[in-house]
Amino acid sequence: MKKDSGNTNETKLDKMIQKAFRTGGFLFPETPEEVAEFEKKFGNTDIILPDELREPTFLTSKRTAPVKKKLAETTDNFAMAAREGSKLPEEVLKKMKEHRDKAKREKEK
């Protein structure tokens, strides 16, 4: 978008385009009226926000410390295959065999 160049027609047009983008879902709405217009067009969502995101003060406040969130624990993915003739390590082959045996036992039950 163009910055104010002194031409009020360009400024009005720029503001009108930005408002259309905000109410159309292409930019974040900035006012309660824009949110209401967006919800009228697209409906309200049933997304439950965490407490820290319910008020938009986080958009203008500066963080004093980085937010640390625990990521979901990763699990070994044994579905990966050796490529281009490379060999899998023995420990991976052993775990794959254990998983196959476990699956076979569960299937037999």
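No hydrogens, no waters, no symmetry mates; every other heavy atom, side chains included, goes into these values. Not measured: the values here are computed from a predicted model.
By the 4.5 Å heavy-atom criterion applied to side chains, Lys94 and Glu91 are not counted as neighbours. Residues Glu37 and Lys41 meet the side-chain proximity criterion, which asks for heavy atoms closer than 4.5 Å.
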Legend entry - Worked verdict on Gln18 versus Glu30 for side chain to side chain contact (heavy atoms under 4.5 Å, CB included): CA-CA 10 Å; Gln18 286 184 19; Glu30 292 180 348; 5.7 Å; no

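Each of Phe38 and Ile17 belongs to its own hydrophobic cluster when Ile, Leu, Val, Met, Phe, Trp and Tyr are linked at side-chain heavy-atom distances under 4.5 angstrom. Connection of Val35 to Phe26 is not established within any shared hydrophobic cluster, with ILVMFWY side chains joined at heavy-atom distances below 4.5 Å, either directly or through further cluster members. Cluster annotation: Phe42 and Phe21 are assigned to distinct hydrophobic clusters (Ile/Leu/Val/Met/Phe/Trp/Tyr, side-chain heavy-atom contacts under 4.5 Å, transitive).
Of the residues Glu98, Met96, Lys104, the one that meets the side chain to side chain contact (heavy atoms under 4.5 Å, CB included) test with Arg100 is Met96.
Expressed to the nearest 0.5 Å, how far NZ of Lys40 lies from OG1 of Thr23 amounts to 10.0 Å. Here CG of Leu93 is found 12.0 Å from NZ of Lys95. Values are rounded to the nearest 0.5 Å.
No more than 12 heavy atoms of other residues, nucleotides or ligands shown are found within 6.0 angstrom of CZ on Phe28.
Using a 4.0 Å cut-off between charged side-chain N and carboxylate O, Asp101 and Lys97 make a salt bridge.
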